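Here the structure is a predicted model, which is why all the values come from computation and not from measurement. Lettering follows sequence order; numbering is per chain, from 1.
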4 protein chains.
Amino acid sequence: MNGKIEVGILGATGTVGQRFIQLLEDHPWFTATWLAASDRSAGKPYREATSWQLEGAPPAGAADLKVEECVPGRGPRVVFSSMASSLAGDIEREFAQAGHIVISNSGHYRMDPYVPLLIPEINPDHLGLLPIQRREHGWEGAIVTNPNCAAITVVMALAPLKPFGLRKAVVTTFQAVSGAGYPGVPSLDILGNVVPYIGGEEEKVETEPAKILGTLDGEIGTIVPLPFAVSATCTRVPAIDGHLVTISVEFGRKVSREEILEALAGFRGVPQERDLPSAPRRPVHVMEAPDRPQTRKDAGLERGMAASVGRLRPCIILHWKLVALSHNTLRGAAGAAVLNAELMKSEGLL
Amino acid sequence: MNGKIEVGILGATGTVGQRFIQLLEDHPWFTATWLAASDRSAGKPYREATSWQLEGAPPAGAADLKVEECVPGRGPRVVFSSMASSLAGDIEREFAQAGHIVISNSGHYRMDPYVPLLIPEINPDHLGLLPIQRREHGWEGAIVTNPNCAAITVVMALAPLKPFGLRKAVVTTFQAVSGAGYPGVPSLDILGNVVPYIGGEEEKVETEPAKILGTLDGEIGTIVPLPFAVSATCTRVPAIDGHLVTISVEFGRKVSREEILEALAGFRGVPQERDLPSAPRRPVHVMEAPDRPQTRKDAGLERGMAASVGRLRPCIILHWKLVALSHNTLRGAAGAAVLNAELMKSEGLL
Amino acid sequence: MNGKIEVGILGATGTVGQRFIQLLEDHPWFTATWLAASDRSAGKPYREATSWQLEGAPPAGAADLKVEECVPGRGPRVVFSSMASSLAGDIEREFAQAGHIVISNSGHYRMDPYVPLLIPEINPDHLGLLPIQRREHGWEGAIVTNPNCAAITVVMALAPLKPFGLRKAVVTTFQAVSGAGYPGVPSLDILGNVVPYIGGEEEKVETEPAKILGTLDGEIGTIVPLPFAVSATCTRVPAIDGHLVTISVEFGRKVSREEILEALAGFRGVPQERDLPSAPRRPVHVMEAPDRPQTRKDAGLERGMAASVGRLRPCIILHWKLVALSHNTLRGAAGAAVLNAELMKSEGLL
Amino acid sequence: MNGKIEVGILGATGTVGQRFIQLLEDHPWFTATWLAASDRSAGKPYREATSWQLEGAPPAGAADLKVEECVPGRGPRVVFSSMASSLAGDIEREFAQAGHIVISNSGHYRMDPYVPLLIPEINPDHLGLLPIQRREHGWEGAIVTNPNCAAITVVMALAPLKPFGLRKAVVTTFQAVSGAGYPGVPSLDILGNVVPYIGGEEEKVETEPAKILGTLDGEIGTIVPLPFAVSATCTRVPAIDGHLVTISVEFGRKVSREEILEALAGFRGVPQERDLPSAPRRPVHVMEAPDRPQTRKDAGLERGMAASVGRLRPCIILHWKLVALSHNTLRGAAGAAVLNAELMKSEGLL
């Protein structure tokens with residue numbers, strides 16, 4: 001394996017699982033050697049078990065792997081998980097109990113007080129929860145999560161502005177269909193249409209940012225959330241990849257356009273300092289054209305790992321308005337988890 | 001003409017002009033006998049001068065009419081106008097000076113202090129501006145306007161709630177491509193995409209509601225706007241017809257869900273009382289399904305003249321959140337103007 | 001019931017079932033009083049049992065009907081069926097055995113030698129199969145079918161040309177997503193995409209035309225198919241309603257453009273003679289514009305019951321090329337079945 | 001310039017021009033140093049002169065270049081051209097007269113008897129026309145063209161089958177909107193729609209293959225076309241990139257499925273032998289899944305330079321049916337021209 005770390009994938013046949021396989025195909029540090037999925041798929045070669053949605057066909061390395069059952073202890077120590085949330089509660093816990101490091105894209109454990117909701121550029125220190133997690137949950141291994149794919153767009157755009165005192169944000173999302181997986185959104189529901197509702201999504205977009213932007217308090221042994229109120233409306237639009245959000249935000253003090261633009265454009269974090277393999281050069285791109293970012297044209301920036309922000313202008317009700325975008329299955333799912341793994345490796349945690 | 005009132009159409013070859021022709025085809029009160037457009041089209045039969053975007057082919061009655069130049073004094077006394085805003089300033093004024101009643105969908109005169117920005121269900125009394133308009137502008141005829149196609153969605157949803165004290169609203173629009181006319185939005189810009197910018201649109205959505213919901217003060221001779229602040233983000237989405245908006249709204253007092261639903265569902269106005277030909281039975285439909293209204297499925301309600309509202313729920317920043325929808329070329333353009341004309345006829349003003 | 005004939009609907013909750021309910025809402029002859037569907041839906045009010053895809057909400061008359069199980073003998077004598085083909089074989093037969101007249105949109109019995117594959121404008125005499133069907137199958141009632149939704153587009157365009165001797169046709173279809181029902185085609189498979197395959201469809205498009213255009217031979221007691229070879233490629237495109245086909249056709253003799261256009265435009269049948277309620281005035285519209293018919297703009301012609309044809313031009317390999325379009329859930333499904341029922345009523349067969 | 005060949009681009013601001021810039025950004029052999037466009041754009045920095053349709057923003061190297069006028073003699077000796085066909089006739093001739101090597105994507109000179117219509121895998125020997133071209137046209141420089149973007153899909157799929165004797169093909173195309181440039185196809189014409197007509201396209205698809213597949217006859221000094229008849233119907237569909245075609249083809253002899261599949265999968269040419277920088281490893285990919293190739297998912301194979309073929313099955317009218325796909329602005333336009341330039345460089349012609 002050329003000294004690469006072997007990893008497994010739980011939920012390898014879904015749309016996020018496919019992205020994991022694509023991202024790990026030529027990864028310098030990791031190699032996916034164990035693909036697991038629901039009982040229905042287990043036993044088939046991967047190429048037959050999945051309905052490949054990405055370009056061409058599954059990579060040769062994965063295509064012929066036999067899909068395994070999700071049984072703890074069998075696969076490599078490090079596993080990525082894109083299990084459906086309904087299954088993730090039990091399965092991810094069992095894997096963590098059995099000593100696996102579970103780097104999860106599922107929703108189930110994100111708000112668990114002892115589980116990091118990690119964005120490496122923003123809160124790498126939240127990995128400090130892991131010893132507490134082991135103690136409190138009694139797990140041999142660990143679970144680390146990345147945020148919901150729409151919450152991540154909001155947080156990528158606002159984290160650089162945290163020094164100005166984030167108070168309130170009214171948010172409307174425009175979410176691409178790949179966020180719903182496969183078969184996911186029926187075409188009759190979305191062609192030429194907007195569906196102004198995504199079950200359970202608004203709660204995630206409203207609650208996850210405060211935890212992500214919060215502070216690890218070693219004494220009380222958990223994250224103290226930022227007192228930042230988000231009011232969200234989540235919608236589905238006929239785009240393939242990319243969640244765009246409109247944001248009206250209020251700060252703790254008066255902030256100038258220049259301060260905001262400087263904070264966004266200058267934003268860097270640990271992944272950039274350490275030049276992690278999946279890190280974008282610039283986590284946030286400020287778009288100059290008055291009509292950008294646009295979902296189809298800009299979601300892929302820096303291999304889908306950079307968020308983009310544009311249309312900064314005053315809001316007469318809160319303080320400033322802007323538009324943000326990030327790629328929901330890369331920066332918002334599989335890419336987020338891979339970057340989390342890279343951060344953990346660079347910290348000696350894998 | 002069976003006693004019908006003859007009307008002309010300025011800008012008959014555009015997408016809104018086509019809707020005028022479609023709506024007037026079998027109208028019980030009006031008949032379109034004079035179609036005018038830019039010099040380029042003038043002289044051609046209508047069927048050749050227009051790129052018909054609606055079903056089938058232009059109605060027989062219009063197809064063979066010769067397209068006229070926009071010269072005041074030549075056509076009928078009553079003219080509908082869907083001129084491009086850049087031309088409407090001069091042409092509509094010249095028609096009004098020459099004695100025409102111009103019922104306009106153009107943006108140019110909407111915020112003129114003496115021009116009604118009319119929605120018959122909401123501010124029919126603003127027609128009281130007409131004598132003042134004649135005096136102040138020295139026009140023989142008159143200009144009456146309807147709102148911008150996105151502003152109208154916002155106002156249809158919020159006007160029934162005016163008794164609760166409208167204070168502030170944060171609004172994001174999802175606008176269909178027919179709002180940009182033809183050729184309008186290039187397909188490369190919108191297929192599978194969201195464009196978070198429409199030139200000049202946000203200002204209209206922010207300023208028109210206060211005038212529409214304002215009060216005619218006969219003494220000072222103009223409309224006193226409602227002190228209602230709107231902050232808008234306007235976007236274009238890949239839908240054909242229908243402008244959907246997400247709204248967070250703050251009232252002057254605490255309001256219950258029941259009060260709001262009752263106000264919306266019970267909303268009626270002069271068009272319903274007088275049973276005007278284009279009036280919907282119910283101007284606002286409250287949708288019960290959690291994922292409605294949806295652009296493609298619901299924009300056509302009551303021949304595109306009814307707005308629909310759904311997803312009423314509390315907002316943790318302002319008071320309530322909801323989603324509204326109306327048809328941008330019917331209730332938001334040609335249908336709006338025809339309903340304005342019907343109101344004026346019922347008032348003896350035509 | 002105002003003397004209307006009561007009818008039932010098998011498969012009332014699917015997309016074609018919804019169209020049946022919409023078409024029968026104000027039908028002058030029929031009234032839908034009995035809605036049946038799979039066990040899963042049975043017992044619920046219709047409004048809850050279906051995911052309504054059409055405008056607004058289910059009609060008041062149907063919304064509160066309790067969905068019944070598909071049990072023969074319980075509902076009215078006349079039933080429309082839009083059962084999934086996999087279930088239709090047993091259920092439709094049981095209903096026919098029990099004395100019901102089953103007017104079916106399902107694929108199962110279309111090629112049965114004793115079942116009419118009926119298009120009222122084209123082969124109304126195929127109803128002469130019914131006595132033979134009763135005798136051969138031993139059914140009290142009967143089954144009458146309408147063609148596959150793509151086959152019908154081909155046949156509507158070519159039947160008027162049968163006098164010229166239809167020999168061969170190479171056909172490519174562009175089929176809308178509503179043809180696949182709900183949830184049907186996943187949006188990830190069709191947004192911005194073309195899928196050049198629809199399971200089982202090409203065989204139907206290749207075999208049904210010869211039967212539809214065939215001759216009832218009373219002596220041998222079945223339909224003698226027309227010796228007409230069709231080679232089809234069937235594809236799915238991102239359109240909501242309307243199946244468009246490109247056709248290259250070879251005739252038994254040399255035919256001029258004028259002969260073809262005259263035959264198409266002049267085509268009429270029994271439904272037009274008898275002015276059946278759902279009959280279009282003209283079954284085939286010849287489009288003059290060089291770029292019509294177009295799926296979204298023209299599928300709805302004459303309430304979706306007229307086919308349209310355009311782009312007639314010579315083919316250097318076969319004889320002539322043209323493009324045809326019809327609405328797949330109206331002329332190609334629910335509307336087809338309703339028109340079949342109207343024909344049968346006008347023949348005294350209901 | 002690191003020893004790279006400097007090249008210019010005529011028509012640099014259009015959608016194909018943008019692709020040229022993208023492809024040349026890191027090209028190992030060529031560097032774009034001179035961008036020319038219509039008078040309207042000349043003098044502006046490239047970033048302002050173009051409406052960038054591709055990801056992010058124009059590459060840094062091009063963004064600040066001043067757009068030049070299309071004046072022969074001013075730019076580098078080698079120029080790529082994506083001029084509008086209406087302008088290409090004069091401008092490309094003037095450049096060739098002035099000594100430039102014009103590698104053109106325009107339609108104007110494709111059928112000129114002395115101009116190669118080049119696909120490096122198929123007819124590299126047609127470059128032998130160049131001395132004849134110089135003699136006959138009296139040009140110092142030269143013009144080399146690549147085929148129309150839909151014709152190229154047909155030819156990529158059929159050239160490997162030439163040994164079986166190509167006789168006839170009935171073809172229907174499904175063409176993406178990027179093929180029409182920018183602003184190109186209005187969204188109102190294509191969202192949820194199919195437009196069964198593209199002006200001038202069918203003639204190109206019918207005539208170019210015979211020349212491409214023809215033989216250079218040195219004696220008569222031109223290409224003898226292959227006696228291969230193509231009948232085409234060209235349509236526009238709502239996809240961004242990728243032209244898909246359905247083909248029914250007749251050969252000069254009976255051919256088995258295995259022979260065809262082997263010929264397609266084994267097809268290689270000079271670009272593969274010489275490992276040209278833009279050459280795909282395999283010019284034609286045979287897709288095994290029954291529903292591939294699909295426009296959105298497969299057009300990008302091998303950076304958009306590989307065609308894909310699937311659905312091989314017998315045709316009851318001609319011999320075999322198949323579906324083919326290639327990327328219209330890469331393999332079908334800018335990428336084709338760059339590969340032509342690479343072939344010419346490898347032949348010592350630049």
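Counting heavy-atom neighbours within 6.0 Å of Glu203(B) CD, excluding the residue itself, gives a total of 12 or less.
Side chains of Ser231(A) and Lys321(B): a donor-acceptor N/O pair is present below 3.5 angstrom, by distance only. Counting only N and O atoms by type, the side chains of Gln18(B) and Thr50(B) include a donor and acceptor under 3.5 Å apart. Between the side chains of Ser178(A) and Arg19(A), no donor-acceptor pair is found at a separation under 3.5 Å. Looking at Asn148(A) and Glu201(A), their side chains do bring a donor and an acceptor atom within 3.5 Å of each other. Arg313(B) and Thr233(A) share a side-chain donor-acceptor pair at under 3.5 Å.
In this structure, chain A has a heavy atom under 4.5 Å from the side chain of Leu244(B), while its backbone stays farther away. Proximity to chain A (any heavy atom under 4.5 Å) is restricted, for Val237(B), to the side chain, taken from C-beta onward. Contacts between Val323(B) and chain A at a heavy-atom distance below 4.5 Å involve the side chain alone, from C-beta outward. Contacts between Asp189(B) and chain A at a heavy-atom distance below 4.5 Å involve backbone atoms as well as side-chain atoms. Heavy-atom distances place no part of Ala299(B) under 4.5 Å from chain A, backbone and side chain included. For Val177(B), no part sits under 4.5 Å from any heavy atom of chain A, backbone or side chain. The part of Thr172(B) that comes within reach of chain A is its side chain, from C-beta onward, which places non-hydrogen atoms under 4.5 angstrom from that chain.
Taking Leu318(A), Val230(A), Ile198(A) one by one and counting their heavy-atom pairs under 4.5 Å with chain B, the maximum is reached by Val230(A). In terms of heavy-atom pairs under 4.5 angstrom with chain A, the leader among Ala176(B), Ser248(B), Ala232(B) is Ala232(B). Chain B forms the most heavy-atom pairs under 4.5 Å with one residue out of Pro290(A), Gly199(A), Cys315(A), and that residue is Pro290(A). Contacts with chain B were tallied for Glu250(A), Arg292(A), Glu206(A), Gln294(A); Gln294(A) has the most, counting heavy-atom pairs under 4.5 Å. Annotation: maximal heavy-atom pairing with chain A below 4.5 Å, among Gly310(B), Ala229(B), Gly242(B), occurs at Ala229(B). Between chain B and the options Leu325(A), Ile316(A), Asp291(A), Ile317(A), the largest number of non-hydrogen pairs under 4.5 Å is found for Ile317(A).
The shortest distance between side-chain heavy atoms of Ile223(B) and Thr215(B) does not fall below 4.5 Å.
In terms of heavy-atom proximity, Ala180(B) sits nearest to Arg236(B) at CB-NH2, 3.6 Å.
Here Met111(B) contributes atom CE and Leu117(B) contributes atom CG; the two are 7.0 Å apart, rounded to the nearest 0.5 Å. With values rounded to the nearest 0.5 angstrom, Asn328(B) atom CG is found 10.5 Å from Ile152(B) atom CD1.
Asn193(A) contributes a side-chain N or O that, together with a main-chain N or O of Thr295(B), makes up a donor-acceptor pair within less than 3.5 Å.
The side-chain contact (heavy atoms from CB on, under 4.5 Å) with Phe174(B) is formed by just one residue from the set Val194(B), Thr153(B), Thr246(B); it is Thr246(B).
Listed in order of number, the residues of residues 254-265 of chain A that approach chain B to under 4.5 Å between heavy atoms amount to none.
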